[in-house]
Amino acid sequence: MNGRIAETTIVVFGAGINGAALARELLLSGVSVAVVDTADIASGATAWSTRLVHGGLRYLEYGEFGLVRESLRERGRLVRLAPHLVRPLEFYLPVAGRLGGLVAAAARLMGLESLARACSGHRGRGGWAIATGLALYDLLAAGSGWPRHRMVRAGRPGQPAVDPSRYPLAGIYSDAQMLFPERFTVELLVDARRIAQETGARFSLFTHHAASLGPDGRLRLEPLAGARDGAGGGIELQPAAIINATGAWVDRTLASVLPADPTPPLIGGTKGSHLILRAPALRSALGAYGVYAEAADGRPVFVLPFGERLVLVGTTDIPFTGDPAAAHADEEEIDYLLRAVARIFPAAAARREDVAQHYCGVRPLPAARADGRTAAITRRHLLVRQREAPLPCWSIVGGKLTTCRSLAESAAREVLGALGVSVRGTSRDRPLPGACEGPSRAAAEKLVETRVAAAGASADTARVVAHRLVDLFGARGPEVCAALEPQAPLIADTGLPAAAVRWCVREEWAASLEDVMERRLMLSFDERLTRQAVEEVARVLVQEGVLQQYGLEAEVDGFVRHLRDRYGKDVT
Ligand SMILES: Cc1cc2nc3c(=O)[nH]c(=O)nc-3n(C[C@H](O)[C@H](O)[C@H](O)COP(=O)(O)OP(=O)(O)OC[C@H]3O[C@@H](n4cnc5c(N)ncnc54)[C@H](O)[C@@H]3O)c2cc1C
């Protein structure tokens, strides 16, 4: 213990998308913030979602109009403020017939869930129900400037090649995709650091740290395996307040930090699994659309383009009470998702061997259930105050990627109000640091290209690197080139220079091989990833002092095994 006492105002537990957005929002009002996470940035549900920024068409059936309106408003905002990371995507919603689902939808709206279930059958929602839902969706998005939906005959050229015998009609509407919420969350924290520099407030981030709270309200942080800072021992903070934004871990965090707190369980999480398919026929059957359909049991299934060549399929929805870090896609879920794809696209059905990898996460849903049906649990977020704590303490329950910013804004307003601090700014119009699109994106790519070529790369290589860097870092791409070595060595088969690895360590808090591969450079999703690339990243991490030369081979072996055991991905 080094006895250092930092004068921190608010401590946020959890560096997922919600904790990061909240830290940034609080800093905009000039208060100092420390974010503490037991693992890395965005290593929870944020990384294991369907990666959509959407109004949530399905929530209309449960009468969640306020949530859908808020989500649609935030959808537009996130596309505007982070266009490099959140992109509009057209959705194709195949419809099984004309009438199915109307009575069920009406019954559900009236709160008659058992009648709704009795009427749903397995034929799915029909044209009238879908058209009504989409018209309502447009209405709730009124004034946003987003395109309105249209109903079409299915099977036309240029549309997803869904089973024409099952689906005579389809609805087409727009939502958005956040391909890498991990990068979005890192950028929220990069911006938090920037705001602190602008305002003079303090911002610190302690990843891989555990916290314990004393009866005097002092918080003690101890580094866990993988921590880079605090190596000299523990750190003590005297927070004015604590906000528990640990998602599906909220109850576990309360139990460890405030063991005497009488709050009943807040979270009733469900696990959801996804597949990433390397299936060219399916990818081309999708075209430029995301497809939103139903599995045989009526559960929603998304079949989405994932990058240029892969397909993302999700998800399942199964009650889960274990440690969220241990949630794993099991074989039954994998079969279920493959069957759902085969039902929608029988001519382009994927096989087990097309599963390049899978992942699974736990939704941080409120414990209270509308009726025992997991799909019916509200996706709305709540801020709950712990009254028995030795200092002001709140927990965030629920939330979506889509509403991370509005959640942060409303939670900051409530917390600051309770602390007697006035709100001095909000993130409503503040772009993320990498924001660029159209001409500004082209300019960033050009600049990277020039710098990479000046370091000795061929014109072709420079173009590939520019595209990759700007995809990941947006307008910050050219800054990443500051650490380019002469000849700009590239990490094998990745189109990324070693400088990008250095940047993640120096500027983005990466503290391990996993942090770089999974949540900074997103290489763990790259279908071309090889063991050689993992070794080369690891060697740069040795140069950066993150890893040691001794035991490097074992480190690489461990990561390769982790990819195989956790995500079913083989890079050998
Ligand atoms: C299967 C699935 C699909 C989804 N799809 C979508 C979608 O398409 N669109 C959408 O908008 N939303 C979606 N969501 C919801 C969304 O992903 C989550 O609501 C959101 O990511 C929650 O973020 P968070 O920051 O609250 O939690 P998390 O991202 O889980 O972050 C919690 C953090 O707390 C840390 N932590 C744990 N214990 C402690 C502790 N004791 N002290 C400090 N830190 C701790 C963890 O390491 C983690 O980093 C989906 C979720 C799932 C699971």
Side-chain angles (χ1 to χ4, degrees), residues 11-23 34-56 58-59 67 70-71 74-75 78 86 89 175-179 181-182 184-185 188 205-213 219 221-222 224 226 242-258 267 269-274 290 292 300 302 304 312 314-318 320 323-325 327 329 333 359-366 374 379-381 395-408 411 519:
V11 168
V12 176
F13 288 145
I17 199 163
N18 285 328
L22 182 55
V35 177
V36 181
D37 199 297
T38 43
D40 184 30
I41 299 166
S43 51
T46 298
W48 310 130
S49 61
T50 313
R51 300 164 187 267
L52 294 177
V53 169
H54 61 160
R58 178 163 64 94
Y59 309 145
L67 173 63
E70 175 185 341
S71 302
E74 288 302 308
R75 174 190 73 178
L78 297 189
V86 185
L89 179 66
D175 259 327
Q177 191 176 33
M178 182 190 281
L179 204 56
E182 299 88 340
F184 187 94
T185 307
L188 286 171
L205 172 64
F206 302 96
T207 55
H208 306 281
H209 274 75
S212 56
L213 186 66
L219 196 68
L221 307 184
E222 292 293 344
L224 299 167
I242 288 176
I243 306 173
N244 173 9
T246 56
W249 287 268
V250 154
D251 293 318
R252 286 168 186 260
T253 305
L254 283 178
S256 77
V257 178
L258 292 171
I267 298 288
T270 67
K271 77 164 176 160
S273 293
H274 292 83
Y292 176 23
F302 287 100
L304 304 165
L312 175 65
T315 169
T316 54
D317 199 358
I318 301 169
F320 187 85
D323 179 355
E333 290 175 280
Y359 62 77
C360 179
V362 178
R363 298 176 182 85
L365 302 177
T374 50
R379 262 54 173 174
R380 189 155 264 304
H381 53 258
S395 294
I396 290 175
V397 181
K400 302 163 59 187
L401 302 179
T402 312
T403 50
C404 66
R405 200 215 58 82
S406 55
L407 177 152
R519 292 170 292 271

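Just so you know, ligand 1 is whichever comes first in the structure, and atom 1 is the first atom listed for that ligand. Source: prediction; values computed, not measured.
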Relative to the heavy atoms of [X], which atoms of ligand 1 are at a distance of less than 4.0 Å?
{"X": "Thr46", "result": "21 (O), 23 (O), 25 (O), 28 (P), 29 (O)"}
{"X": "Ala39", "result": "47 (O)"}
{"X": "Gly14", "result": "33 (C), 34 (O), 43 (C), 44 (N)"}
{"X": "Lys400", "result": "10 (C), 11 (O), 12 (N), 19 (O)"}
{"X": "Gly361", "result": "53 (C)"}
{"X": "Gly272", "result": "1 (C)"}
{"X": "Arg51", "result": "8 (O)"}
{"X": "Val362", "result": "53 (C)"}

For Trp48, which residues count as a ring-ring contact (aromatic ring centres under 6.0 Å, His included) partner, sequence neighbours excluded? Tyr359, Tyr567

If only atom types and distance count, is the side chain of [X] paired as donor or acceptor with the main-chain N or O of [Y] below 3.5 Å?
{"X": "Ser71", "Y": "Leu67", "answer": "yes"}
{"X": "Thr46", "Y": "Pro181", "answer": "no"}
{"X": "Arg405", "Y": "Leu401", "answer": "no"}
{"X": "Ser273", "Y": "Thr316", "answer": "no"}
{"X": "Arg51", "Y": "Leu179", "answer": "yes"}

What protein heavy atom sits nearest [atom], and how far away is it?
{"atom": "atom 8 (O) of ligand 1", "result": "Leu52 N, 3.1 Å"}
{"atom": "atom 26 (O) of ligand 1", "result": "Asn18 ND2, 2.9 Å"}
{"atom": "atom 42 (N) of ligand 1", "result": "Thr38 CG2, 3.7 Å"}
{"atom": "atom 28 (P) of ligand 1", "result": "Ala45 N, 3.6 Å"}
{"atom": "atom 31 (O) of ligand 1", "result": "Gly16 CA, 3.5 Å"}
{"atom": "atom 33 (C) of ligand 1", "result": "Asp37 OD2, 3.5 Å"}
{"atom": "atom 13 (C) of ligand 1", "result": "Ser49 CB, 3.9 Å"}
{"atom": "atom 52 (C) of ligand 1", "result": "Arg363 CG, 3.5 Å"}

State if [X] counts as touching ligand 1 under the rule of any non-hydrogen atom under 4.0 Å.
{"X": "Asn244", "value": "no"}
{"X": "His274", "value": "yes"}
{"X": "Arg252", "value": "no"}
{"X": "Ser43", "value": "yes"}

Given Ser395, which partner from the list Asn244, Thr246, Thr253 fulfils the side-chain hydrogen bond (donor to acceptor under 3.5 Å, both in side chains) test? Asn244

Working note: Leu52 + Thr402, criterion side-chain contact (heavy atoms from CB on, under 4.5 Å); need CA distance, chi angles, decisive distance, verdict. CA-CA 7 Å; Leu52 294 177; Thr402 312; over 6 Å; no

Counting heavy atoms only, which part of [X] comes closer than 4.0 Å to ligand 1: side chain, backbone, both or neither?
{"X": "Pro364", "answer": "side chain"}
{"X": "Val36", "answer": "backbone"}
{"X": "Asp40", "answer": "backbone"}
{"X": "Ile41", "answer": "neither"}

Evaluation steps, side-chain contact (heavy atoms from CB on, under 4.5 Å), between Leu89 and Leu304: CA-CA 9 Å; Leu89 179 66; Leu304 304 165; 4.2 Å; yes

Side chains of Asp40 and Thr207: any donor to acceptor distance under 3.5 Å? no

Donor + acceptor pair across side chains of Thr50, His274 (<3.5 Å): yes

Between Glu74 and Lys400, does at least one N-O distance fall below 4.0 Å, as a salt bridge requires? no

Mind checking side chain to side chain contact (heavy atoms under 4.5 Å, CB included) for Leu407 and listing every partner two or more places apart, or none if nothing turns up? Asn18, His381, Ile396

For [atom], which of the options [options] provides the nearest non-hydrogen atom?
{"atom": "atom 2 (C) of ligand 1", "options": "Phe302, Tyr359, Trp48, Phe13", "value": "Trp48"}
{"atom": "atom 37 (C) of ligand 1", "options": "Phe206, Trp249, Phe320", "value": "Trp249"}
{"atom": "atom 34 (O) of ligand 1", "options": "Leu254, Asp175, Thr246, Val11", "value": "Thr246"}

Any nitrogen or oxygen of [X] lying under 3.5 Å from a nitrogen or oxygen in ligand 1? Just yes or no.
{"X": "Val53", "answer": "no"}
{"X": "Thr402", "answer": "yes"}
{"X": "Thr50", "answer": "yes"}

Any side-chain heavy-atom pair from Leu213 and Leu219 closer than 4.5 angstrom? yes

Close side-chain approach of Trp249 to Asp323, heavy-atom, < 4.5 Å: yes

Please round to the nearest 0.5 Å and tell me the distance separating atom CZ of Phe302 and atom NE2 of His54. 6.0 Å

When rounded to the nearest 0.5 angstrom, what distance separates OG1 in Thr185 from CZ in Arg519? 11.0 Å

